[in-house]
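FYI, the numbering just counts along the sequence from 1. Whatever order the structure lists ligands and atoms in, that order sets their numbers, starting from 1.
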Amino acid sequence: SLIHQKSYLVNGVLKPWEGKSTEVYSTISSTEEYAPTLLGSIPDMGEEEALGALDAALLAYNRGQGAWPTMRVKERIECMEIFVKKMKTKREEIVKLLMWEIGKSLPDSQKEFDRTVDYIEDTIEDYKQLDRNSSKFQKHDGVYAHIKRGPVGVVLCLGPYNYPLNETFALLIPAIMMGNTTIFKPAKHGVLLITPLLEAFQTSFPRGVVNIIFGRGRAVASPIMKTGKVDVLALIGNSKSANALQNQHPKSNRLRLVLGLEAKNPAIILPDADLDLTINECIAGTLSFNGQRCTALKIIYVHKDIAKEFNKRFAKKVDALKFGNPWENGVQLTPLPEPEKPAYIQELIDDAVAKGATILNERGGQRFDNYIWPAVLYPVTSDMRVYQEEQFGPIIPIVPFTDIEEPLDDMAESNYGQQVSLFGKDVYALAPLIDTLVNLVCRVNLNSSCQRGPDVYPFTGRKDSAQSTLSVHDALRSFSVRTFVAFKDN
Ligand code: G3H
């Protein structure tokens, strides 16, 4: 059944929306002849509603004693517990929307929901511990201090389409938990799945703590940033949007940034790598959710001595993957949620082929519905677009190397620095490499593909890949400041 979202959450009220709406489509066809499916519509809001949400967040932040930022830890935790309890009742509905809106497979959609619930529950536990450890009296040189962690202020949260529930909440939940007040705009794809949660947000938290608006980023996020009244920009997405929003803030040097941005995580395959394991990890790393993950492996460096064997077996495995609708049993490749993505991937293929790369797999580049079969390209060179751009989709560039300095130099020059996967057996060769790699990225995965989880591990990156750190432990710190009251022993 269609979901026509006709209200938005501001200052604790689900305000009816009577203005223009934007239709939301799935790229999954529900008819035999391919056609996108209408799922519903969302309000197409503008400056007035955006600034109304900002005012509500400011008011909630400054309401004084007993309001959200000053509320007792125990009470804030109770609100969050009520929210997560209500959220759990919406599992089936949200999982279904994840499948239709972004084409995520059933097991992965269920995992996204469950992982988010775990994230919230772990955040609650971590917050209790953080409060116990950080809220204490100290005395140094005759000065007493009561030090604790407090909120930063008003947070604008914008999440991505590939994890519209999990990653958006990985920003929103710790921000709320620490006593900040928030404005949240759902991602373009994966927006309707917020509808089942509106009432839970409204009834679990005091008014103005969570304000939810709909519309295009430029129409609603920009006016908010331009006021200069936002204290934290929390965004997972691309650096172009993050930079544009940051620059709109008139006092951007005051703005705290919590950002998860692009990455071009490489796999480096050494000559003694276990090929069975490496191929399996590279398939998962490059093509889980069609490569639409910031943590996906987006370029494979393979040593020349094993390139032929690796390429042959890898390409064969890519063609043996199962494509289907998200709810079908055992599907590994699913429809792409962005209507423009297949054409973009095709451009990358054409560019690479024109510059000398070959498509190694028979099905590579085949087009049907809103899909393009993953193309395995070899040999990829630095002049090709797929070598430089974050493809965020089903295309796999493979680069041969003879000297390990080649991939290391590329990584040193890259604008990104999230993770790397290193495949090999000889510990004496691996050890010095690991030491070098951890200073180029933030996580080195040994004989395994890149990933964000487990969510207690720090999730961040160097250079243009991230600002601040997200994870159950770190996000609470990213959304807080250490404050204290001091007095002298007179
Ligand atoms: O899109 C980026 C996500 O953080 C990837 O998370 O490694 O759990 O799929 P994941």
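For the pair R452 and Y163, the cation-pi test (distance below 6.0 Å, angle within 45°) is passed. Stacking of K104 on the aromatic ring of F289 is recorded, both the 6.0 Å distance cut-off and the 45° axial limit being met.
Checked by distance only, ligand 1 and C294 come closer than 3.5 Å through their nitrogen or oxygen atoms. For a threshold of 3.5 Å applied to N or O pairs, the pair formed by R452 and ligand 1 contains at least one separation below that value.
Per-residue contacts place Q451 under 4.0 angstrom from the following atoms of ligand 1 (heavy atoms of the residue considered): 7 (O). Atoms of ligand 1 lying under 4.0 Å from at least one heavy atom of E167, given by number and element, are 1 (O), 2 (C), 3 (C), 4 (O). Atom numbering of ligand 1 starts at 1 in the shown order; those under 4.0 Å from a heavy atom of N162 are 1 (O), 2 (C). Listed by atom number, the atoms of ligand 1 under 4.0 Å from R115 heavy atoms are 8 (O). Of all atoms in ligand 1, numbered sequentially from 1 with element shown, those under 4.0 Å from a heavy atom of T295 are 2 (C), 5 (C), 6 (O), 7 (O), 9 (O), 10 (P).
The aromatic rings of F169 and F83 sit tilted, their planes meeting at an angle between 30° and 60°. Using cut-offs of 30° and 60° on the angle between ring planes, the pair F401 and H303 is perpendicular. Between W373 and Y371, the two ring planes are perpendicular [angle over 60°; tilted spans 30° to 60°].
At a 4.0 Å cut-off, not a single heavy atom of Q292 sits close enough to ligand 1 to count as contact. Residue contact check for ligand 1: F459 places a non-hydrogen atom closer than 4.0 Å to it.
Closest approach of N370 to Y34, counting heavy atoms only: CB-OH, 3.5 Å.
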- [ ] Show your reasoning for whether salt bridge (charged side-chain N to carboxylate O under 4.0 Å, His left out) applies to E112 and R115.
- [x] CA-CA 5 Å; E112 174 158 357; R115 181 180 182 178; over 6 Å; no
